[in-house]
Amino acid sequence: MPQEPELLAQRRANMEALARLGVDLYPHEFARTHTVDELVGTFGARSRDELELERIEATTAGRILAIRSFGKAIFLVISDGRSRLQVYLRQDSLPERDFQVARLLDLGDFVGASGRLFRTRTDEFTLWGSSLTFLAKCLVPLPEKWHGLQDIEIRYRQRYLDLIVNPDSRRVFEARSATLAALRAFLDARGYLEVETPMMQVLAGGALARPFVTHHFALDMKLYLRIAPELYLKRLLVGGLERVYEINRNFRNEGISTQHNPEFTMLEFYQSYSNYLELMDMTEQMLSEVAVKVTGGEEVGFCGHRLSFRPPYRRLAMRPAVCEEASRRLGRPVEERECRDLKAARALARALGVPIEPAMGPGKITAEIFEALWEPQLIQPTFVYDFPTEVSPLSKQRPDDPDTVERFELYAGGFELANAFSELNDPAEQRRRFEQQLRQREGGDEEAHQMDEDYILALEHGMPPAGGEGIGVDRLVMVLTDSRSIRDVILFPLMRPRKE
RNA sequence: GGGCCGGUAGCUCAGGGGUAGAGCAGCAGACUUUUAAUCUGCGGGCCGUGGGUUCGAUUCCCACCCGGCUCACCA
C-alpha cells in the first residue's frame, strides 16, 4: 500500500481538522457584495484617508495565492482570477472559530471574507477581515508563486494550473474571446447570418486534406469529421441566404506543429454578388477593426516584428511574384510561361532546389515554388492572389485566363491566415474540376477532392455569383497575442495520453 | 516519420561512476500592518521506464515512453 505523499497528507490533515471544527468543507454558495476585481477596480485607487472616512464594508471571495502568518495576525492574498486582494486577519478582529479556520488554510483553498477596506502602513490596499468563510479545499499543492508554471507540458495538459498561476495565459484566452466577438460584430453589422452546418459529413469536402473517419451505428455508415464547412455554406447561398458565416471547428488528420492542431477553429463567410477583390478590401477592414478591438491598435508585436494591420496590405500576384524572386535568385529573367508549362516548371523547380513530385502539374509546382521562395518573408500582412486553377478546384476562373482562378491567400507573420476566392458556380465546370481531382487521387494524391454529386446538384439549382473566405481563427489569435505556438491559444491542445 | 534538445523534491532549477543539492512551497516554534515577510529547527526523492557495462549507475551505453524545437504534410 503506497503511502500518501507527505504534502497531500498534510493538506488532508488540515481539512480533517476543519471538519472537526464543524466547518462545512464544500458549502453550496457564498454571497459576495463585490468580486475581487470589482473591489480593486472601484476602490483600489482610494487614499488611506478616503478609505478611513468612507468605511467601505465588503464581502468577497477567491482562491488563496499567498499566506503570510504572524501568529496572531495573518495576511492572505486572494484572487478571483482577474485581480488580487490582500486580506488582513487578526485574532482580535475575528470570531474565535474564524481565526482557527484561518490557521488551517492552505495555499489554493477558496475562502470568502467580509470586512472593511483600508490601507496598511506599507500602503497596500487591503480588506480588514471581520469574518472568514471556508469555501473549498485545494488538496494538491499549486506551482510556485515566483517562477509560475514553466513546464510547457503541464501547462497544456493541466491548463487550469497554467490559468491559476500564469496571468499572461489568461490574457491570451481573453484576447481569443475578444477576437471571436469582434469577428462576429463585424459580420453581424454587415447583415451576415451566423449558421451551423454539419461537422459530421458523408463526404469530407471543401478543402484538400486527410479527414478523420468515424462510423454511425444506427445508419451503419461511414462518416467523416469535416475538414471544412465550405460546400454546405455554399448550399445556403443556393437557398437564398445571401450572407452567411460559420465559426466552428475543422478536423484534419495531418501532422501537429506550432501552426497545426488536428482540430482548429475556422471562420468561413460567404457573400452573394461579391468577388475576391471585394473580399480583399473587406478583409483589410475586418482585421484592422479586430486588431484595434483586441489589442488597442492596428500594430501588433509578433515574434520580434511589428505587424501593421492598417490597410492597404501589400498585394502579390502569384506567378509574377514567383518570376520576380526566381529571376533574382537565378540571375536571369524568368518568364511567366515557365510557370504554365510542365517541363519548364519542373526545370525551374529543379534550378531553385524546390522538391516536387512527379504527379504535380505546372500549377502545383508554381504554388510549391511560391511557398518555398516567399512564405517565410511574408511577415507584414500580404495578399497573394491569382492562383493556378490546378490547385483550386472550387474557385472561379479569371474570364481572360482559364489557367488562373480568382483566389487569394492572406499571409502574416510568415504563415497563411486566410484563403478566399470568387466561388465557382458553374455546375458543369465544377464537375470537370472534381474529375480532374479524381485523376490526381488515382495518381496517389490522398488529399485530392472527392466527387460530390450532391453539391453539383445544388449548383444546378443556381448559385448566385459570390465570394467566400476562410480565416484560421487560432492563427489570427496567435498573431494578435504574440504566441509562438498554436497550442498557446488553444485551451486544451491535443496531447498523447500519459501512460498509466 | 527524420534531426536536435530535454525529463532530478509539489514548483523553479543546479549537479554528477561511490550516503542526492539549492530557492520557493511544506511541517514545528517565535512574531498583531506583512507583501518573494523575517528568524530558528525539521521533514520531503523509483534522479522518466526497462535492459546493459561495472565491485557499484541517478550519472556511461542501448531501447522505449513523454515533451519541446525543427524538417516533411497541411491551415
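First the proteins, then the strands, lettered A, B, ... as listed; each starts at 1. Bear in mind that the values here come from a model prediction, so they are computed numbers and not experimental data. Computation of the quantities below employed the complete heavy-atom set of this structure, encompassing side-chain atoms and omitting hydrogens, waters and symmetry-equivalent molecules.
- When heavy atoms are screened at a 4.0 angstrom cut-off, Gln259(A) is found touching base atoms of the nucleic acid.
- When each of C69(B), G67(B), U12(B) is scored by its nearest atom to the side-chain atoms of Ile152(A), the top-ranked nucleotide is G67(B).
- Taking the P atoms as reference points, C5(B) lies 24 Å from C73(B), given to the whole Å.
- Position along RNA chain B of the nearest nucleotide to Gly255(A) versus Ser485(A) favours Ser485(A) as the more 5'-ward residue.
- Contact annotation: Thr258(A) does not reach the phosphate of C69(B) (side-chain N/O to OP1 or OP2, under 4.0 Å).
- Side-chain contact, Ser83(A) with Asp37(A): a donor N or O sits under 3.5 Å from an acceptor N or O.
- Residue Met266(A) is out of contact with every strand shown, counting any heavy-atom pair closer than 4.0 Å.
- Pair assignment for C4(B) gives G68(B), based on Watson-Crick or G-U wobble hydrogen-bonding distances that are each under 3.5 Å.
- In this structure, Phe264(A) forms an aromatic stack with the base of A75(B), since both conditions hold: centre separation below 5.5 Å and plane angle below 30°.
- Both thresholds, 5.5 Å between centres and 30° between ring planes, are met by Phe75(A) relative to the base of U34(B), so the two rings are stacked.
- The shortest distance between side-chain heavy atoms of Phe118(A) and Tyr88(A) falls below 4.5 Å.
- Checking A75(B), U32(B), C73(B) against the side-chain heavy atoms of Ala73(A) singles out U32(B) as nearest.
- Residue-to-nucleotide proximity on RNA chain B shows that, of Pro141(A) and Tyr88(A), the 5′-proximal contact is made by Pro141(A).
- Note on Arg157(A): only backbone sugar-phosphate atoms sit closer than 4.0 angstrom, heavy atoms only; bases stay farther off.
- Taking a pair to require two hydrogen-bonding distances under 3.5 Å in either a Watson-Crick or a G-U wobble arrangement, U49(B) pairs with A63(B).
- Using a 4.0 Å heavy-atom distance criterion, Tyr156(A) is classed as a sugar-phosphate-only contact.
- In this structure a side-chain-to-backbone donor-acceptor pair under 3.5 Å is present from Tyr313(A) to Phe309(A).
- Taking the C1' atom of each, C27(B) and G6(B) are spaced 33 Å apart, rounded to whole Å.
- At a threshold of 4.0 angstrom between heavy atoms, the contacts of Gly470(A) with the nucleic acid are absent.
- Dashed line: the shortest gap from a side-chain N or O of Arg496(A) to OP1 or OP2 of C66(B) is under 4.0 Å.
- On the P atoms, G21(B) is 14 Å away from C47(B), given to the nearest whole Å.
- Heavy atoms of other residues, nucleotides or ligands lying less than 6.0 angstrom from CD of Glu357(A) number 12 at most.
- Regarding Leu225(A), its CG atom lies at a distance of 17 Å from the P atom of A75(B), rounded to whole Å.
- Taking only side-chain nitrogens and oxygens, Arg90(A) never comes nearer than 4.0 Å to OP1 or OP2 of U32(B).
- Each of Val101(A), Leu89(A), Thr133(A), Ile64(A) was compared with Val111(A) under the side chain to side chain contact (heavy atoms under 4.5 Å, CB included) criterion, and only Ile64(A) meets it.
- The residue Gly472(A) sits apart from the nucleic acid: no heavy atom pair falls under 4.0 Å.
- Using a 5.5 Å limit on the distance between ring centres and a 30° limit on the angle between planes, the aromatic ring of Phe70(A) counts as stacked on the six-membered base ring of A37(B).
- Nucleotides G44(B) and A20(B), compared at atom P, are 12 Å apart to the nearest Å.
- Contact annotation: the side chain of Arg97(A) approaches that of Val23(A) to within less than 4.5 Å [non-hydrogen atoms, C-beta and beyond].
- Residue Glu124(A) is in base contact, counting any heavy-atom pair closer than 4.0 Å across all strands shown.
- Pair check for C73(B) finds none; no Watson-Crick or G-U wobble contact set falls under 3.5 Å.
- Nucleotide A28(B) forms a pair with U40(B), judged by Watson-Crick or G-U wobble geometry with both contacts under 3.5 Å.
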Under the side-chain contact (heavy atoms from CB on, under 4.5 Å) rule, what do Arg487(A) and Met495(A) come out as? Steps first, then yes or no, please.
CA-CA 10 Å; Arg487(A) 298 180 147 197; Met495(A) 303 285 278; 3.2 Å; yes

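- Note: CG (Leu161(A)) to P (U12(B)) measures 10 Å, nearest angstrom.
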For nucleotides 21-23 of chain B, print each protein N/O atom paired with a nucleotide N/O atom at under 3.5 Å, atom names and distance only.
unit_1: G23(B); atom_1: N2; unit_2: Glu144(A); atom_2: OE1; d: 3.2

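- Residue-level contact check: Leu107(A) touches the backbone only, with heavy atoms under 4.0 Å from sugar-phosphate atoms and none from bases.
- Among the atoms of the strands shown, only primed sugar atoms or phosphate atoms (P, OP1, OP2) are found under 4.0 Å from some heavy atom of Leu149(A).
- Within a 6.0 Å sphere centred on CZ of Arg249(A), heavy atoms belonging to other residues, nucleotides or ligands number 12 at most.
- Picking from U34(B), U32(B), C73(B) the nucleotide with the shortest atom distance to the side chain of Glu254(A) gives C73(B).
- Here the side chain of Leu7(A) is nearest to one of G10(B), G68(B), C13(B), namely G10(B).
- The nearest whole Å value for the distance from the CD1 atom in Ile356(A) to the P atom in C73(B) is 12 Å.
- Counting distance only, with no hydrogens placed and no angle test, the side-chain atoms of Arg121(A) and the base atoms of U33(B) include no donor-acceptor pair under 3.5 Å.
- Comparing the P positions of G23(B) and C66(B) gives a spacing of 35 Å, expressed to the nearest Å.
- At whole-Å resolution of the value, CG in Leu76(A) and P in U33(B) are 15 Å apart.
- When side chains are defined from C-beta on, Arg226(A) counts as touching Thr197(A), because their heavy atoms get closer than 4.5 Å.
- As rounded to whole Å, 13 Å separates atom C1' of A36(B) from atom CD of Gln86(A).
- Among C73(B), U32(B), U33(B), the nucleotide with an atom closest to any side-chain atom of Thr120(A) is U33(B).
- As rounded to whole Å, 18 Å separates atom P of A75(B) from atom CD of Glu263(A).
- Atom P of nucleotide G10(B) and atom CG of Asp109(A) are separated by 19 Å, given to the nearest angstrom.
- Counting non-hydrogen atoms under 4.0 angstrom, Asp92(A) reaches a base of the nucleic acid.
- Looking only at atom types and distance, the side chain of Ser483(A) has no donor-acceptor partner in the side chain of Arg176(A) under 3.5 Å away.
- Comparing U12(B), C69(B), C73(B) by their nearest atom to the side chain of Glu368(A) picks out C73(B).
- Residues Tyr224(A) and Phe251(A) place their aromatic rings such that the two centres sit no closer than 6.0 Å.
- Arg119(A) places its CZ atom 15 Å from the P atom of U34(B), with the value rounded to the nearest Å.
- With C1' as the reference atom, C71(B) and A9(B) are 37 Å apart, rounded to whole Å.
- A gap of 24 Å separates the P atoms of U8(B) and G2(B), to the nearest Å.
- Between C65(B) and A30(B), the distance separating the two C1' atoms is 48 Å to the nearest Å.
- One finds a side-chain N or O of Asn14(A) lying less than 4.0 angstrom from the OP1 or OP2 phosphate oxygen of C27(B).
- Taking the side chain as every heavy atom from C-beta outward, Leu348(A) and Leu352(A) approach each other to under 4.5 Å.
- Note on Arg252(A): every side-chain N or O is 4.0 Å or more away from OP1 and OP2 of C73(B).
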